[in-house]
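All chains are named by letter (A, B, ...) in the order of the sequence lines, taking the proteins before the strands, and each is independently numbered beginning at 1. Quick caveat: nothing in here was measured; it's all calculated off a predicted structure.
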There are 2 protein chains.
Amino acid sequence: MARHPVRAAGDRTPTVYDVADRASVSIATVSRVLRTPDAVREATRERVLDAVRDLGYVPSGNARALAGRKTGVIGLCFPGHDALEEEDRPAPELTDGVRVVDDRRRGAAPQSPNLYFDEVLRGAEVEAWRRGFALMVAAGRGPARDVIVNDIAGRVDGLAVLARTVSDDLLVHVARRLPVVLLADAARTGAEPPDGLDHVSVDNAAGMQALVTHVVERLGVRDLVYVAGPADSPDDAERQRGLFAALDAAGLDRAVVEHVRGDFRRDTGDAAVADLLGRRVPRALVCANDQSALGALDALRRRGLRVPDDVYVTGFDGLDVGRFTEPPLTTVAQPMAELGRAAVRAVVDRLADPGAPLLSSRLPVQVLLRESCPPVDTSM
Amino acid sequence: MARHPVRAAGDRTPTVYDVADRASVSIATVSRVLRTPDAVREATRERVLDAVRDLGYVPSGNARALAGRKTGVIGLCFPGHDALEEEDRPAPELTDGVRVVDDRRRGAAPQSPNLYFDEVLRGAEVEAWRRGFALMVAAGRGPARDVIVNDIAGRVDGLAVLARTVSDDLLVHVARRLPVVLLADAARTGAEPPDGLDHVSVDNAAGMQALVTHVVERLGVRDLVYVAGPADSPDDAERQRGLFAALDAAGLDRAVVEHVRGDFRRDTGDAAVADLLGRRVPRALVCANDQSALGALDALRRRGLRVPDDVYVTGFDGLDVGRFTEPPLTTVAQPMAELGRAAVRAVVDRLADPGAPLLSSRLPVQVLLRESCPPVDTSM
DNA sequence: ATGAAAGCGCTAACAA
DNA sequence: TTGTTAGCGCTTTCAT
């Protein structure tokens, strides 16, 4: 068994010139063999391919991109993965020991990593592959964010950026060089979104409106509490708009709805709700996202309240876990993977036709009625 | 509001030369301002920066990488996302309609996308960011796989590849050009893993052994069924090794264990188990992964069998959903994100010291005992 | 502190 | 069918 890396430390990585030499052809022919094989006589091609094999030649993507004026890469930037960025854990243990731990339920469930971005990323990856592009990702954290985005912008053909990842200024700056599409940029409070960019987002407001309409009109609930997200979240703002729209349409006073300010995380959903429940128990708890709803479910269970019999609970996002909770969680499913795909599609389209009119698409959402807030009132 | 993209269709993207012209300096100075700002007089620097701003200049990463002989990018290759690759769904609807659907539990749960890779990717991304690298991903599908990997290999400084993504030949080929680390390459059946590469994997065998030891020794189970994975899965092979090791150590005949061949997917776990249960009901169902275990849970519930009272069920992977099932799923948690981080770390280390001895590390796993197969027998 | 000039490894005319 | 030759946009000595 080898005791050292495949590549000897002193090896210079071979270039077209090396291959050309070894195959006794010009570098142009080497290039042709790789890019347009049919334009080369069979025998020559074989010789070149052999040389490639013998030398372990891998063409430099950078040189190729430079000469060809395109990279074949699309960049995807989104905010950092919160769960992992905070804890600065120790180096992993490399022991062979297997710990066996009692992990039965105790207290509130810890925050799980944000699955939202994972799915967007997955969708983007799939679409990029289909279109023959590679994908470069940067989940920005901290001040280095702008630097890295700028950096990435210089190595791709187009960029998809999730809202609020980087400053608008930077966005506009790089958009002068390459196509940029903005993802999930919900209605902003105050500032206008950067102009001149393609947008792809999800219809938060309509989804929440449909859900709440179901709750108040179909289930006849008059007493509900909204467990909000962070005050500065555009997503939350949009969802609240939908909430109010539904109330208005049903002729309900907005004041009937109490707001509990959460932060989209599971433990807060839990804490905020636990606090609220000490005072009063509404008929329905409409949560701004699934994580909070999961927290609420936990809090309710610990207080011995039954869902949906005593309280209806709804979430928003459509996380997979929602199908496995007890009871399964009613929610509004966002087409997250679809969002990623649509983003890549938008970039590629813009690349193909730089002059096309600006795109601003909203992907439809879906209300999934499950046991935590069922299609009809089954509590009687 | 703008009705056209920021970048006018005819704009040539500005280069160092344009910036240099506008700032009345040489291109060398422009480069210095960007790379080593302190080596430039303040006034000059300002002028250059202004020009950068005015022109919307973003340096070409490719040119930079070419001249600098390094890209600052690490590549990550893994097998395609199965869930999405199969269905070739229609273009998304762009209507504003919100569908409201009854999504209450009916029958087996559909397959959810493979969360395994998502987490590895997340870990890799975090570590890459920390080390100042960008990450380029390719989830290969189909025959184009090798092509794209080769392609990516040409545009990164190092590569992390999940086992079985591409042919060994290709792996060895590209490893001659840059550092390659192989991920989760479990013991193979037959062929030797490519030599001369760094390896990072997870201790499948030890994990399964610890889990089964618990089942047979602590819980005293003698009648168990193993719901296996695909016959060609090295992961499954390792887990089976662990299973047998535990049986041997407990003095149990391997023949007491019936194998049900599954394929790691939720619906098969369900189908295979449903079939089995028609014939006999063992005391414990040891599943090769969590997805199958989830399917098993479903099948058991539909037959009115109680977990853990009638049957113990265990999984393997440590997916987050396992904490929310009824009952919560006992499993072996793989440090998936850690795997991604370790991979990037290995690549970066190899880059730093090409001559270092080969790395072959196994990350420890953790047995999580939850209600589906608890620490002690509580059924009496 | 700044400039001139030589590449980095490849593609794409244009010639032959 | 194959070779010659300009760049692609940047970094980096080496001078000045």
Side-chain angles (χ1 to χ4, degrees), chain A residues 11-49 51-52 55-73 150-157 177-178, chain B residues 11-49 51-52 55-73 150-157 177-178:
Chain A
D11 280 4
R12 205 178 51 77
T13 68
T15 73
V16 255
Y17 294 97
D18 300 316
V19 176
D21 272 7
R22 185 169 239 268
S24 310
V25 296
S26 74
I27 61 167
T29 297
V30 174
S31 181
R32 284 190 196 102
V33 169
L34 266 21
R35 312 255 63 77
T36 52
D38 303 317
V40 175
R41 191 161 22 107
E42 161 114 29
T44 317
R45 197 191 316 150
E46 293 300 322
R47 283 219 315 287
V48 171
L49 255 16
V52 166
L55 260 26
Y57 169 72
V58 177
S60 156
N62 293 117
R64 177 176 293 180
L66 188 54
R69 269 157 263 264
K70 57 193 208 300
T71 66
V73 181
N150 203 353
D151 208 86
I152 284 201
R155 17 176 91 269
V156 301
D157 291 334
R177 175 188 235 266
L178 42 62
Chain B
D11 280 5
R12 206 178 51 77
T13 69
T15 73
V16 256
Y17 294 98
D18 300 317
V19 177
D21 271 8
R22 186 170 240 267
S24 310
V25 296
S26 73
I27 60 167
T29 298
V30 174
S31 180
R32 284 189 195 104
V33 168
L34 265 22
R35 313 254 66 75
T36 52
D38 303 317
V40 173
R41 193 163 20 111
E42 160 115 30
T44 317
R45 197 190 317 148
E46 293 299 321
R47 283 217 315 285
V48 171
L49 254 16
V52 166
L55 261 24
Y57 169 70
V58 176
S60 155
N62 293 117
R64 177 176 293 180
L66 187 55
R69 272 156 265 260
K70 57 191 209 301
T71 66
V73 181
N150 204 348
D151 208 87
I152 284 201
R155 17 175 91 268
V156 301
D157 290 334
R177 176 189 234 267
L178 42 63

> A:V156 and A:L178: which non-hydrogen atoms are nearest, and at how many Å?
O-CD2, 3.4 Å

> How would you list all residue pairs meeting salt bridge (Lys or Arg N to Asp or Glu O under 4.0 Å) that involve residues 29-49 of chain B, not counting sequence neighbours?
none

> Between B:S60 and A:R177, is there a side-chain heavy-atom distance shorter than 4.5 Å?
yes

> Grab the CG-C1' distance between B:L66 and C:dC8 for me, whole Å please.
4 Å

> Rounded off to whole Å, could you give me the CZ-to-P distance for the A:R64 and D:dG9 pair?
18 Å

> Heavy atoms only: give me the nearest B:R155-A:G61 pair and the separation to one decimal.
NH2-O, 3.7 Å

> Side chain to side chain contact (heavy atoms under 4.5 Å, CB included), that's the test. Do A:R64 and B:N62 meet it? Break it down for me.
CA-CA 9 Å; A:R64 177 176 293 180; B:N62 293 117; over 6 Å; no

> Answer whether the closest heavy-atom distance between the side chains of B:S26 and B:T29 falls below 4.5 Å.
yes

> What is the distance, rounded to the nearest whole Å, between atom CZ of B:R69 and atom P of D:dT12?
9 Å

> Could you tell me the separation between the CG atom of A:L55 and the C1' atom of C:dG9, rounded to a whole number of Å?
14 Å

> Once you round it to whole Å, what is the distance between P of C:dT11 and NZ of A:K70?
10 Å

> Could you work out, with side-chain hydrogen bond (donor to acceptor under 3.5 Å, both in side chains) as the rule, every residue matching B:N150, not counting sequence neighbours?
none

> Mind running a 4.0 Å heavy-atom check of residues 35-45 of chain A against DNA chain C and sending the residues that fall below it, in number order?
A:R35

> Tell me: CG of A:D18 to P of C:dG9, nearest whole Å?
9 Å

> Enumerate the protein-to-nucleotides 3-6 of chain D contacts in which both atoms are nitrogen or oxygen and the separation is below 3.5 Å.
{"from": "D:dG3", "atom 1": "OP2", "to": "A:S26", "atom 2": "N", "distance (Å)": "2.9"}
{"from": "D:dG3", "atom 1": "OP2", "to": "A:S26", "atom 2": "OG", "distance (Å)": "3.2"}
{"from": "D:dG3", "atom 1": "OP2", "to": "A:T29", "atom 2": "OG1", "distance (Å)": "2.7"}
{"from": "D:dG3", "atom 1": "N7", "to": "A:R32", "atom 2": "NH1", "distance (Å)": "3.4"}
{"from": "D:dG3", "atom 1": "N7", "to": "A:R32", "atom 2": "NH2", "distance (Å)": "3.2"}
{"from": "D:dG3", "atom 1": "O6", "to": "A:R32", "atom 2": "NH2", "distance (Å)": "2.3"}

> Looking at five pairs on each end of the helix from C:dA1-D:dT16 to C:dA16-D:dT1, what is the angle between the two axes, given to 10 degrees?
30°

> Would you mind reading off the distance between A:D21 atom CG and C:dC10 atom C1', rounded to a whole angstrom?
16 Å

> Can you list every salt bridge (Lys or Arg N to Asp or Glu O under 4.0 Å) pair that touches residues 14-24 of chain A, not counting sequence neighbours?
A:R12-A:D18, A:R22-A:D54

> For residues A:A63 and B:L66, report the shortest heavy-atom separation together with the two atoms involved.
CB-CD1, 3.8 Å

> Measure CG/A:D151 against P/D:dT11 and give the value in whole Å, please.
11 Å

> When you compare the side chain of A:Y17 with that of A:V30, does any pair of heavy atoms fall below 4.5 Å?
no

> Does D:dT11 have OP1 or OP2 under 4.0 Å away from a side-chain N or O of B:S31?
yes

> Which pair of heavy atoms, one from B:Y57 and one from B:L34, lies closest together, and at what distance?
CE2-CD2, 3.7 Å

